[in-house]
Asker: 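One structure, as structure tokens, below. Some questions next.
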Number of protein chains: 2
Amino acid sequence: MDSYTLPYTFSQRAQKLTSSTIREILKVTERPEVISFAGGLPAPGGFPVEEINAAFDRVLQQNGRSALQYGPTEGYTPLRQWVADDFRKRGVDISLDEVLIVSGSQQALDMLGKLFIDPGSKVLVEAPSYLGALQSFSLFEPVYAPVPTDEGGLIPERITDTLAAGARFLYALPNFQNPTGVSLSTARRQALVERCAALQLPIVEDDPYGELRYAGEPLPGLLQLGRKAGATVVRLGTFSKVLAPGLRLGYIVAPRPIIAKLVQIKQATDLHTATVSQMAVYETIKGGFLEQHLPAVRDLYKRQCGYMLEALQEHFPDTCSYTRPEGGMFIWVTLPEHIDGSRLLERAIERNVAFVPGAPFYAGSPKTNTLRLSFVTVSEDRIRKGVQILGELIRAS
Amino acid sequence: MDSYTLPYTFSQRAQKLTSSTIREILKVTERPEVISFAGGLPAPGGFPVEEINAAFDRVLQQNGRSALQYGPTEGYTPLRQWVADDFRKRGVDISLDEVLIVSGSQQALDMLGKLFIDPGSKVLVEAPSYLGALQSFSLFEPVYAPVPTDEGGLIPERITDTLAAGARFLYALPNFQNPTGVSLSTARRQALVERCAALQLPIVEDDPYGELRYAGEPLPGLLQLGRKAGATVVRLGTFSKVLAPGLRLGYIVAPRPIIAKLVQIKQATDLHTATVSQMAVYETIKGGFLEQHLPAVRDLYKRQCGYMLEALQEHFPDTCSYTRPEGGMFIWVTLPEHIDGSRLLERAIERNVAFVPGAPFYAGSPKTNTLRLSFVTVSEDRIRKGVQILGELIRAS
């Protein structure tokens with residue numbers, strides 16, 4: 001599409017947009033015969049449909065006109081207070097005016113791009129990192145500086161003075177990272193916040209999956225450790241994985257001056273998040289519902305993860321390695337160096353199996369012999385069959 | 001706040017953000033003793049609470065898991081089809097892939113800023129124009145070129161070659177404009193689309209109030225006229241005023257190449273609009289509900305508008321002029337030249353009456369002797385009392 005032949009001119013940022021690889025893949029995987037490990041969808045069996053329905057009903061019965069009216073940009077106060085209280089229970093002293101409700105974590109990424117990124121601003125990201133964050137930030141035309149990682153996730157010592165110089169923030173997913181499933185150890189978390197405090201480098205801590213831990217012990221968040229170490233931490237949370245993503249509800253916790261600016265940005269972006277959804281989510285969770293609900297979700301995800309790890313053990317050659325997540329939705333596979341994940345995908349799709357190749361998750365030079373597998377929405381027998389097919393294709397490569 | 005003393009650096013655009021005048025005023029007007037003509041809220045008495053509640057219930061009962069799952073970025077297909085069909089009924093041939101669902105019209109403005117505006121890009125706006133649009137676009141750092149207006153709204157002949165040269169688009173609200181309440185005549189609409197077609201200047205037609213016409217005859221939209229004249233028109237619509245704003249649901253109708261880019265932008269912005277809300281709105285309106293519901297809303301708004309016009313006639317001196325809207329929510333008052341709307345507001349607030357002074361609605365040099373009055377959420381006796389107080393203050397100025 002040549003903008004000179006069109007009766008309109010797109011912005012530079014819009015001209016640079018290309019169609020997302022994942023998006024194109026997901027179109028193929030909509031065919032029911034395809035065994036898709038490509039999705040990032042949570043398992044709908046874990047959605048508390050009845051409770052959410054009852055909550056919408058109570059809210060609309062009791063407070064219908066308020067629920068359907070415009071609301072404050074900051075969000076519905078009881079829900080913000082719930083978020084603050086939830087952090088306090090975990091030992092982080094958060095006040096109401098450090099909480100902003102957003103229309104899902106993806107919107108938080110967009111707003112943080114607006115807040116921090118000028119064209120050419122440096123942003124530090126894990127290598128690999130969450131593709132959706134790269135897409136959001138890229139609209140504001142940053143220059144990415146990838147932080148080296150190993151099997152334990154990002155390496156704090158590799159955030160050198162040179163790497164961090166002039167950077168606007170570091171974006172990190174410490175729990176069951178998307179795409180690798182890897183969690184940072186407590187020692188690395190501590191080293192990371194101390195390093196960032198010393199460098200005056202703000203950390204954006206994205207934690208969509210923290211509540212989905214099904215093995216090992218919970219680790220302290222970067223927000224908690226960062227406050228003690230004097231680091232600036234902006235924490236992103238979401239109800240997408242603990243309740244349901246179709247509600248599009250998340251939150252940002254940050255120091256007051258950052259929240260104040262984000263409120264102005266949110267107002268210009270979409271005025272506020274849907275009142276009725278905020279009230280219904282608060283109505284669902286206010287009595288401690290998540291504590292009853294989450295164990296079943298964790299069990300489901302643990303079982304699904306187990307099926308896939310067993311299948312990988314059985315069907316993948318020893319020349320492949322893969323992560324063993326303690327939570328979340330993803331396993332990351334490293335293939336022998338000569339196998340390109342994108343080419344493997346082409347062959348896999350011919351046999352009705354799909355996944356996401358690893359390359360798009362890298363902001364810098366990609367490791368092309370990688371891929372991401374999601375295990376949460378696929379039945380046990382299809383997991384086994386799909387992994388078997390992938391194993392055959394890898395052996396034949 | 002000095003960014004040099006902070007452990008983080010905001011973007012240029014974020015540093016330029018200042019707190020919205022309307023926002024600060026609205027804080028004052030939350031006190032119950034204040035008679036506020038400042039709001040832009042629709043009347044909650046017009047919200048079909050029971051019907052929306054029943055729709056949420058049906059959707060969650062019958063399709064709960066789909067309603068709570070991630071959905072396509074383009075929006076819920078039946079709702080997009082409803083929008084396309086609704087235009088077809090009015091004689092505009094719109095297809096499904098020319099419709100994108102958004103989280104309220106405000107989000108459409110943000111996405112259009114991303115699509116069209118580079119720093120320094122020229123954007124044509126009415127003088128005055130909708131403040132929320134100016135705030136959204138401003139995040140992308142355009143240069144505004146105000147189009148002169150008179151009592152009939154924007155003057156197409158004043159869109160000269162020089163004014164339009166290099167402009168990315170013209171933003172216009174042809175029906176019951178916010179803030180003036182003025183509608184463009186059919187002749188001006190026709191002249192406008194012909195002028196923009198000749199200039200290859202895209203038109204963003206924002207039409208939140210079109211369905212709230214309570215006097216006069218419906219006029220053809222710029223989209224309809226523009227298609228015939230060969231102009232590029234991006235049309236914004238919303239369910240905020242015909243159903244309820246707390247749902248945060250709107251739509252964009254535009255040529256396919258523009259929708260395709262906007263889908264990529266929407267994906268990076270918030271993935272998609274809440275599935276459950278889209279399904280519930282479709283469930284509410286699919287059987288022709290709006291046709292039954294809107295007459296009562298229009299009657300309510302007409303009555304409210306009448307109260308205010310009567311009160312203005314009775315209490316305002318002849319040195320003031322004001323618009324007589326045929327729909328929508330706002331009346332625009334022009335005071336004698338020596339009275340500044342902002343200073344009048346200070347005195348009015350001392351007497352517990354609030355409104356929005358006109359100056360913030362101007363992207364260029366403001367007419368400071370203006371103000372916007374909203375009549376929809378205030379009771380008849382409070383309208384009369386509030387207008388009486390304003391009249392006294394104007395006479396004493």
Side-chain angles (χ1 to χ4, degrees), chain A residues 1 6-14 17 19-20 23 41 44 47 49 52-53 56-57 60-61 64-65 67-71 103-104 106-107 110 114-118 121 132 135-136 139 168 200 202 232 244-248 257-258 261 264-265 267-271 273-277, chain B residues 1 6-14 17 19-20 23 41 44 47 49 52-53 56-57 60-61 64-65 67-71 103-104 106-107 110 114-118 121 132 135-136 139 168 200 202 232 244-248 257-258 261 264-265 267-271 273-277:
Chain A
M1 203 160 53
L6 294 172
Y8 39 79
T9 304
F10 291 147
S11 64
Q12 294 292 323
R13 79 180 74 76
L17 279 172
S19 194
S20 139
R23 199 179 162 76
L41 307 187
F47 300 162
V49 177
I52 291 174
N53 190 8
F56 269 103
D57 187 54
L60 286 165
Q61 290 272 356
R65 289 184 178 177
L68 295 175
Q69 186 56 285
Y70 285 115
S103 307
Q106 190 73 29
Q107 185 183 51
D110 175 65
K114 285 175 177 151
L115 179 65
F116 283 123
I117 305 174
D118 287 308
S121 296
Q135 288 173 336
S136 272
L139 277 181
R168 294 293 169 90
Q200 296 217 332
T232 300
L247 300 161
R248 306 309 304 126
I258 289 178
K261 278 284 180 193
Q264 293 180 278
I265 286 170
Q267 195 185 22
T269 299
D270 69 351
L271 295 182
T273 294
T275 323
V276 61
S277 309
Chain B
M1 202 159 53
L6 293 173
Y8 38 80
T9 304
F10 291 147
S11 64
Q12 294 293 322
R13 79 180 75 77
L17 279 173
S19 194
S20 138
R23 201 179 160 76
L41 307 187
F47 300 162
V49 177
I52 291 174
N53 190 9
F56 270 102
D57 187 54
L60 285 164
Q61 290 271 357
R65 289 183 179 177
L68 295 174
Q69 186 58 286
Y70 285 114
S103 307
Q106 190 72 29
Q107 185 182 54
D110 176 66
K114 285 175 176 150
L115 179 65
F116 283 122
I117 305 175
D118 287 308
S121 296
Q135 288 174 336
S136 271
L139 278 180
R168 294 294 168 89
Q200 295 217 333
T232 300
L247 300 161
R248 309 305 307 123
I258 289 180
K261 278 282 180 194
Q264 293 181 279
I265 286 172
Q267 194 185 24
T269 299
D270 69 351
L271 295 182
T273 295
T275 323
V276 60
S277 309

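Reminder, nothing fancy here: chain letters follow the sequence lines and each chain counts from 1.
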Asker: Would you say B:Asp110 and A:Asp270 make side-chain contact, with heavy atoms under 4.5 Å?
Answerer: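 No. Closest side-chain heavy atoms not under 4.5 Å.
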
Asker: Check whether any side-chain heavy atom of A:Val49 lies under 4.5 Å from a side-chain heavy atom of B:Arg65, and answer yes or no.
Answerer: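 The answer is yes; the side chains approach within 4.5 Å.
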
Asker: Show the nearest heavy-atom pair for residues A:Lys261 and B:Leu17, with the distance to one decimal.
Answerer: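 Nearest heavy atoms, A:Lys261 then B:Leu17: NZ-O, 3.3 Å.
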
Asker: Relative to chain B, which segment of A:Leu139 carries a heavy atom at a distance below 4.5 Å: side chain, backbone, both, or neither?
Answerer: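 It is the side chain, since no backbone atom gets that close.
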
Asker: Given the options B:Leu60, B:Thr275, B:Leu247, which has more heavy-atom pairs under 4.5 Å with chain A than any of the others?
Answerer: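 Of the options given, most contacts go to B:Leu60.
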
Asker: Just jot down the side chain to side chain donor-acceptor pair (under 3.5 Å) partners of A:Ser121, sequence neighbours excluded, or say none.
Answerer: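 With sequence neighbours excluded, A:Ser121 shows a side chain to side chain donor-acceptor pair (under 3.5 Å) to A:Arg168, given in chain and number order.
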
Asker: Would you call the rings of B:Phe10 and A:Phe116 parallel, tilted or perpendicular, where under 30° means parallel and over 60° means perpendicular?
Answerer: tilted

Asker: To the nearest 0.5 angstrom, please state how far the CZ atom of A:Arg248 sits from the CZ atom of B:Arg248.
Answerer: 15.5 Å

Asker: For the residue pair A:Pro7 and B:Pro202, what are the closest heavy atoms and their distance?
Answerer: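 The pair with the smallest heavy-atom distance is O-CG, 3.8 Å.
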
Asker: Under a 4.5 Å cutoff for heavy-atom pairs, which residue among B:Ala14, B:Ala244, B:Pro245 has the most contacts with chain A?
Answerer: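 The option with the most such pairs is B:Pro245.
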
Asker: Find out whether A:Ser11 and B:Asp118 are in side-chain contact, i.e. whether some heavy atom of one side chain is under 4.5 Å from a heavy atom of the other.
Answerer: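 When only atoms from C-beta onward are counted, B:Asp118 and A:Ser11 do touch, with a gap below 4.5 Å.
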
Asker: Can you give me the closest heavy-atom contact between A:Gln106 and B:Ala268, atom names plus distance?
Answerer: NE2-O, 3.4 Å

Asker: Please determine, among B:Val276, B:Ile117, B:Thr273, the option with the most heavy-atom pairs under 4.5 Å with chain A.
Answerer: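 Highest number of heavy-atom pairs under 4.5 Å: B:Ile117.
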
Asker: If you count heavy-atom pairs under 4.5 Å with chain A, which of B:Gln61, B:Arg13, B:Gln12 comes out on top?
Answerer: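 It is B:Arg13.
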
Asker: Between chain A and each of B:Ile52, B:Thr232, B:Ile258, B:Ile265, count heavy-atom pairs under 4.5 Å; write down the option with the most.
Answerer: B:Ile258

Asker: I need the residue from A:Leu41, A:Leu271, A:Asp57, A:Leu68 with the largest number of non-hydrogen atom pairs under 4.5 Å to chain B.
Answerer: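 Greatest number of close heavy-atom pairs with chain B: A:Leu68.
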
Asker: Just jot down the side chain to side chain donor-acceptor pair (under 3.5 Å) partners of A:Thr269, sequence neighbours excluded, or say none.
Answerer: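 Listed in chain order: A:Lys114.
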
